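One structure below.
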Amino acid sequence: MSANETPFDQFRGTDEYIADPALLAAVNASIALGRPLLVKGEPGTGKTVLARHIAAALGKTLITWNVKSTSKAREGLYEYDVVQRLNDARFDDRDVADIRSYIRWGPLGRAFRSDEQVILLIDEIDKADIEFPNDLLQELDEMKFDVVETGDQVEAKHRPIVLITSNSEKELPDAFLRRCVFHYIAFPERSLMSAIINVHFPSIEKTLLEATLYRFYWLRGLEELRKKPSTSELLDWIAVLIRGGIDVEAIKAELPFLGALVKQERDVENVEVRLRGRGGMM
Amino acid sequence: MSLWGGERDGESRRKGAGGGGDAAGAPPEKPWLIDFLYALRRRGLDVVPNEWFAFLGALEKGVAAESLTGFYYVARATLVKTEAKYDLFDLAFAEFFRNLKPPPEIAEAVEAWLAAGAPFDLPLPESLADYQGLDLEELIRKFEETLAKQNEQHDGGSKWVGTRGTSPYGRDGVHPGGIRVGGAGGGRMAVKIAQRRLFRDYRSDRTLDVRQVRVALRRLRDLVREGAADELDLDETIDETCKNAGEIELVWQRPRKNRVRLILMMDVGGSMDPYARLVERLFSAANAEKHWRHFESLYFHNCVYNRVWKDGRFREEIQTPRLIADHDGDTKLVIVGDACMAWSELFSANGSVDWYESSGEPGALVLRRLADHFRRAVWLNPMPKMAWGHPTVSAIGDMIPMFELTLDGITEAVAALRRAG
């Protein structure tokens, strides 16, 4: 069977999103198997953006569920607004006997009820309670759930393509992991990073690109840094450098606009100490 | 014949064995594929049937696009669920496919041709099509055939053995499942990728990073309701509203908070100096956990005597008896140190290496008191377990449960702290 007659929608990356073959294989395995894709990686490696680009490439709608530390699994399915109903019961203008009008669909509920296949992004699942992923297991497996208050069953009309991201703030339960396709986005190597920069700044001068890359990886290599700068910070930094019309020689000699890359006061001090020493020479 | 349908060696082909598909409709399985599963399990990757069938399903649907590189990525995505085990997977993969290398004498003969380079052109996809779906064994056979016909060096092109071509043999070329002959492996053959072992640093039994430590420490929690009542108690609200004849009566409750108190004590200076940075990282991880009710980090040198310090430069001290008096016995105590010292430093009355630290009490007694008071105490040792033969290490380990300062060790230690609670 050759690649162009595969029985599922294939993701091949987009002009703006550069994905390595490992990530493409994982995305396509997840789509083909109908299993959720769990993407892990350092902050700023493009996990959330990936969902947007899969949606764009496959021409599907994206539904995002931003998980918070207080999120409960059920909120993703639906919420029964009992307080509203209770309040309405005091007045005559609404039919409080109709429980269905007090059901508010969550992102998962909307994805299941959609008339066409959608992409469902469950963003930063590790922010929630440890039990949160387990509570979603059955719904993601069987793609259906019951609305207890009405006795209705909601079944996915089209199995959504589910993408889950995690910053590894918490470990995820084993049973949950077993059901996912997994991909870890490693921090981009130099060559991939320069491709990424070229996408964002197509007209960047080669010397500037090289000088910033050198500085960036030098910074990331410093062990004493508490928070290493990520891709998005590098892109911000380059934008500032271009706007400020900074000379390439200046980047080689010092670190202008260090604040765009390093955010913690102690890290700034550490970097300055290193810059004064030999380590900072280019 | 597809790459996955083919047997790994001639013998099994003659036997004509072909494992049947399972009930779930996975593709017909060949003996070497199941060998691959057990090769992974032998390396400590606990692949379960559910994951294996997912993997077979993905192969059947053509996700791997009939290349060994695709096979590698799809297997990793479906069978390995943490970056900490990517390295084990790489090892198992490289080990399993190692015997698919061309015979060494051929490799040597070709090495000479491959020495020179030519400008790199990406091949057209059509020229790759001829070679897609070749069995690996077939690939090796064709490689030898091609080599036999070839009698000069060859760069570029799509048929002969040489550099940067699209034929599946040679070096730095582009072919989905090609055979690489020597060189540094720019051509990204799957086994080569596995052999690069890029994820060595992510192993949980070797390394420790701040984030991972934070994850492990986060398990230490004990939620109780306290603080200002600012959470709506729905059930009570409904009850009270009913009693109130339908006029809404809101009832509030206090939110749940973590009540864990933790003291971290770290050995600095002396034999611990090589681990200072590691301990510093552990400290930063623990300090970031602001949700603890109480967190304190203290320092000591070599062994805990009658005083410990609030800073690593030994400026602000706190008396150990004061520490015991100030903190509830439920407070969890984590001590980080190598526990490695002279016998006298632990057991004699004035054992401290610090001249001003002549407390008159042996370190062992102070540790005993700490262990008696803080019922939930653990000792994290940065030395690997096999280096724990030192007498003071086992003496301290008898008083306070000792764990390795690795991610696995910290996870065990946290479990021990929770059990004790």
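Chain identifiers are assigned alphabetically (A, B, ...) following the order of the sequence lines, protein sequences preceding nucleic acid strands; residue numbering begins at 1 within each chain. The model shown is predicted, which means the values in this text are computed figures rather than measured ones.
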Practice item. Decide side-chain contact (heavy atoms from CB on, under 4.5 Å) for A:Val83 and B:Thr237; before the verdict, give the C-alpha distance in whole Å, the side-chain angles of both, and the deciding distance to 0.1 Å. Key: CA-CA 9 Å; A:Val83 176; B:Thr237 298; over 6 Å; no
Practice item. Give the C-alpha distance, both sets of side-chain angles, the deciding distance and a yes or no for side-chain contact (heavy atoms from CB on, under 4.5 Å) between A:Leu177 and B:Thr82. Key: CA-CA 9 Å; A:Leu177 291 174; B:Thr82 164; 5.7 Å; no
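A donor-acceptor pair is defined here as one N or O able to donate and one able to accept, closer than 3.5 Å; no such pair exists between the side chain of B:Lys61 and the backbone of A:Leu33. Side chain of A:Tyr184 to backbone of B:Tyr86: no donor-acceptor contact under 3.5 angstrom is found.
When every heavy atom of B:Val63 is checked against every heavy atom of A:Ala32, the shortest pair comes out as CG2-CB, 3.7 Å.
In this structure, chain B has heavy atoms under 4.5 Å from both the backbone and the side chain of A:Arg178. At a 4.5 Å heavy-atom cutoff, A:Ala89 makes no contact with chain B through either its backbone or its side chain. With a threshold of 4.5 angstrom between heavy atoms, A:Asn87 approaches chain B through its backbone and through its side chain. Only the side chain of B:Leu234 has a heavy atom closer than 4.5 Å to any heavy atom of chain A. Within the 4.5 angstrom heavy-atom criterion, no atom of B:Leu250 approaches chain A.
Taking B:Thr241, B:Thr78, B:Val74, B:Asn50 one by one and counting their heavy-atom pairs under 4.5 Å with chain A, the maximum is reached by B:Asn50.
Rounded to the nearest 0.5 angstrom, B:Lys81 NZ and A:His183 NE2 are separated by 14.0 Å.
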